[in-house]
Structures are given as C-alpha cells and as structure tokens.
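Read through the structure below, which is laid out as structure tokens, and then see the notes.
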Amino acid sequence: MKAVRVHEYHSDPKIDDIPEPTLQGPLDVIVKIGGAGVCRTDLHIINGDWAEAQNPQLPYVIGHENAGWIEAIGDGVTNVAVGDTVILHPQPSCGLCLPCRRGRDMQCENAFFPGLSNNDGGMAEYLRTTARACIKLDPSTNPADVAALADAGITAYHAVRKAVPDLFPGTTAVVQGAGGLGHIAIQALAAITGTRIVVVDKNPDALALAKQIGADETVLADGNHIDAVKDLTGGRGGDVVFDFVAEQGAELDAWQMTAPAGSQYVLGYGGTFTAPTLDFVGGEKNVIGNIVGTYADLTELMVLAQAGKVTLHTKQYPLDAALDALHDLDAGLVRGRAILVP
C-alpha cells in the first residue's frame, strides 16, 4: 500500500510502498482509510518535537485523524463488523488500568498512539488499531468529511466541554485562532453553551468563516487585539479564553485577554508561558492544559456532527499530494482542515 512516512526529522516525508498492516491481537481491527486529517502536530512530528516523548523507530507512517471502513477484525471484536463505517479515537486504550476505569482514555497506562508512537498512523491506505478506538457511524457518512473530528474535533470539544460550567449566559468566551481546531470550538460553543463568542485571528478570511459559523464578534489580531477584546468586554477580558495558537507570543496575549477569575485553556503549543505569580494571586486566574479528548467526548461530538451542528470545513488532497497538504498547512493556506483521501 502507499503510505506517508517520516524517514528523518527536519525533512519532508516520503510516499512509500509498504506492506499492508496485519491483525496482531484479538481486539485488533484493520481499517480501510477513507480520510486522514493533516494536523499541525504532524508538522511538529516532522520537526522532531515529539521524538523524545514518543521515541518512534524511523521510518514510520504519520497520521492520527482517521476515519474509514472496517476491513478486518480480530477474533474478540464484537462492537464492529467488516464493512462498518467508523471514526477512530486517535489513541487506543486498554480499558483495564485505573485511568481507563475513570474514563481518562488519554492517560491510559498501556496505550499506543498510531501516527505518534512507534505505531504506523493513517496517512496510508490501511491502518491497524483496536476495537476500543472505533465509533460506528451512519453508513451514509463520508469518512473524509469527518476524519479530522478524530483529533482536532475532540481536542476542541474536550476543552469546551470542561469549560461549560463557566460559560453560562452573560459570559464571554474568546477563541484565539480560528483554524482547524478553533473553527470547531466556535461551533461547539454555539451548540452547547449560552456564552457570547469573540474570535481573534490574524487572517480576515478565517474571521469571515468564524462569523458564518457562530461567532458573535470578531477581532483582527493586528497588535491592538488585546485592547479590542477588553473594549468588547467592559475592560475585563474573556471569562474563558481558548488559545489554539500558544506560540510566538500568542500564549501571553491570551493571558492578557483573560478576565479576573477567568481561565485560559491552552490547546496550541510551541511557545513558553510566563506570568508574574501576583497575576495568579491577585487576578485569581487559571491556566488549564488540554490534550485530545476522551472516547465519550468523541461520541458526543459525532452526535452534534451528524445533527449538522458541527461541520468541518475541509480541503481535500489525494494521498499522493500529501506533501502539498503539509506545505499548504505550514504556509497558512488551509482554511479549516486539510484531508488526505487515498
């Protein structure tokens, strides 16, 4: 099969012909990929940012936002059958350790992470994962239309879901960065909270899209955006600020836009957060980190998606054009999410 593989860091991946994956355990499934999202994390992987944390053996296949059709199942699989349309939680979990018992899939003590750990991902024609990662979809669903919800979607939804108690009517949520994750968060906020939504981005096209999908106010990130957000909030800032950028100083902008007793949710990464401890004490502010959401988060998000309340804005590329998709993402040329279609 064809697959997009990283051979060395700081260099473009290659599109290789490699053997198809095989079943390795009774709960394994093989998925024929119908769509694989292209994520900014893939750019970080290529740059070697995840090498120490995940230590994959090169070369390996990237791609952690995947949906498709069940091609084969292990002897112990009962929740899906060959031919089912599925979206895949990005990190298969064991279900037996204490974090799993508490519903914290991403802290599973025995997990593997196709596309990040030493396990091939889904920028390929086929992927091996486990039955615990699979969520069945309506057979009419086009996997390419929903694939990016498997990571970008649940990461954004997970943060919004945690913040719901603080986003009652009369509050303001600020979304910094209206790209692949941010445009999903905007829709989730509109669907499940009563908050006013203010979106900050440096790209006017991204702001135009944000307005179409639920933003109440938009602010151009032109150096005056902190003051603009404060003007819109009576000088306070956002009760919750979702930072989908968190690099090149944006993480500090988000802090300045967070109201007293408010919370800054950090979803992007690459920067360094520093703030005077007096700001924490005097302002009683919170900084909350976020990783990919849980299996339950993904099931809830798919309810919203199949009801038309959360829609992915995508640009599709054939698998052979994977490098074009990665380069376009890096250059800021993708509105919403790039999707590879084998």
Side-chain angles (χ1 to χ4, degrees), residues 1-22 24 28-51 53-72 86-92 112-130 133 142-153 155 179-181 292 312 314-334 336-342:
M1 68 174 183
K2 292 188 180 298
V4 181
R5 296 203 298 175
V6 174
H7 285 255
E8 58 180 324
Y9 298 123
H10 307 290
S11 296
D12 280 342
K14 297 179 181 179
I15 299 174
D16 297 328
D17 286 310
I18 64 173
E20 294 178 8
T22 58
Q24 297 182 21
D28 278 0
V29 299
I30 304 298
V31 177
K32 182 179 181 181
I33 296 296
V38 182
C39 178
R40 187 157 293 276
T41 293
D42 294 311
L43 300 179
H44 289 293
I45 291 169
I46 293 166
N47 286 334
D49 297 347
W50 284 85
Q54 295 289 350
N55 194 31
Q57 181 179 348
L58 300 181
Y60 82 115
V61 182
I62 56 175
H64 54 278
E65 298 181 338
N66 304 303
W69 303 274
I70 299 294
E71 180 77 8
V86 293
I87 189 169
L88 306 175
H89 190 281
Q91 179 178 276
F112 67 98
F113 205 138
L116 268 83
S117 62
N118 198 31
N119 305 89
D120 285 340
M123 289 190 190
E125 295 177 77
Y126 295 92
L127 167 72
R128 180 186 72 89
T129 183
T130 75
N142 180 355
D145 291 339
V146 298
L149 293 178
D151 178 39
T155 300
L181 278 76
V292 177
L312 274 171
T314 62
K315 181 177 181 180
Q316 293 188 13
Y317 298 76
L319 186 62
D320 287 341
L323 298 186
D324 293 336
L326 289 162
H327 292 161
D328 286 352
L329 175 62
D330 196 26
L333 300 178
V334 178
R337 208 66 166 175
I339 306 293
L340 300 183
V341 181

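FYI, the numbering just counts along the sequence from 1. Since we're looking at a predicted model, the values are computed, not measured.
- Looking at Met123 and Ile33, their side chains never come closer than 4.5 Å, going by heavy atoms from C-beta outward.
- Put simply, the side chain of Asn47 never gets that close to the backbone of Asp49: no donor and acceptor are under 3.5 Å apart.
- Under the 4.5 Å side-chain criterion, counting only non-hydrogen atoms from C-beta, Pro92 is in contact with Pro114.
- Summarising the geometry of Ala36 relative to Ala147, their closest heavy-atom pair is N-CB, 4.1 Å, with the distance given to 0.1 Å.
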Note to self: As a quick check of understanding, evaluate side chain to side chain contact (heavy atoms under 4.5 Å, CB included) for Leu319 and Val4, giving each step before the final call.
What the structure shows: CA-CA 8 Å; Leu319 186 62; Val4 181; 3.9 Å; yes

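- When all heavy atoms of Gly37 and Asp42 are compared, the pair lying nearest together is O-OD2, 4.0 Å.
- Once rounded to the nearest 0.5 Å, the distance linking CG of Asp151 with CD of Gln91 reads 11.0 Å.
- Between His7 and Asp16, some side-chain heavy-atom pair lies under the 4.5 Å cut-off.
- Closest approach of Leu340 and Ala325 over heavy atoms only: CD2-CB, 3.9 Å.
- Salt-bridge formation is detected for the pair Asp17/Lys2: a Lys NZ or Arg NE/NH1/NH2 atom is positioned less than 4.0 Å from an Asp or Glu carboxylate oxygen.
- Considering only heavy atoms from C-beta on, Val146 stays 4.5 Å or farther from Glu65 through its side chain.
- Taking CG of Leu329 as the start and CZ of Arg40 as the end, the distance is 4.5 Å to the nearest 0.5 Å.
- Contact check for Leu88 versus Leu127: side-chain heavy atoms found under the 4.5 Å cut-off.
- Considering all non-hydrogen atoms of both residues, Pro143 and Gly35 come closest at CB-N, 4.2 Å.
- Residues Val38 and Tyr317 have side chains not in contact (no heavy-atom distance under 4.5 Å, counting atoms from C-beta outward).
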Next item on the list: Could you give me the CA-CA distance, side-chain angles and deciding distance for Val31 and Asn66, then say whether side chain to side chain contact (heavy atoms under 4.5 Å, CB included) is met?
Entry: CA-CA 9 Å; Val31 177; Asn66 304 303; over 6 Å; no

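- Asp328 places no side-chain N or O within donor-acceptor distance of the main-chain N or O of Val334, the cut-off being under 3.5 Å.
- Between Leu181 and Arg337 the shortest side-chain heavy-atom distance falls below 4.5 Å.
- Note that CD1 of Ile45 is 4.0 Å distant from CG of Leu116, once rounded to the nearest 0.5 Å.
- Rounding to the nearest 0.5 Å places CZ of Phe113 at 7.5 Å from CD of Gln54.
- Between Ala144 and Gly34, the shortest heavy-atom contact is CB-O, 3.6 Å.
- In this structure, the side chains of Arg128 and Asn119 come closer than 4.5 Å at one or more pairs of heavy atoms.
- Pairing each heavy atom of Val61 with each of Ala124, the nearest pair is CG1-CB, 4.2 Å.
- The CD atom of Glu20 lies 5.0 Å from the OH atom of Tyr126; values are rounded to the nearest 0.5 Å.
- Atoms CD1 and CG, from Ile87 and Leu149 in turn, are 5.0 Å apart once rounded to the nearest 0.5 Å.
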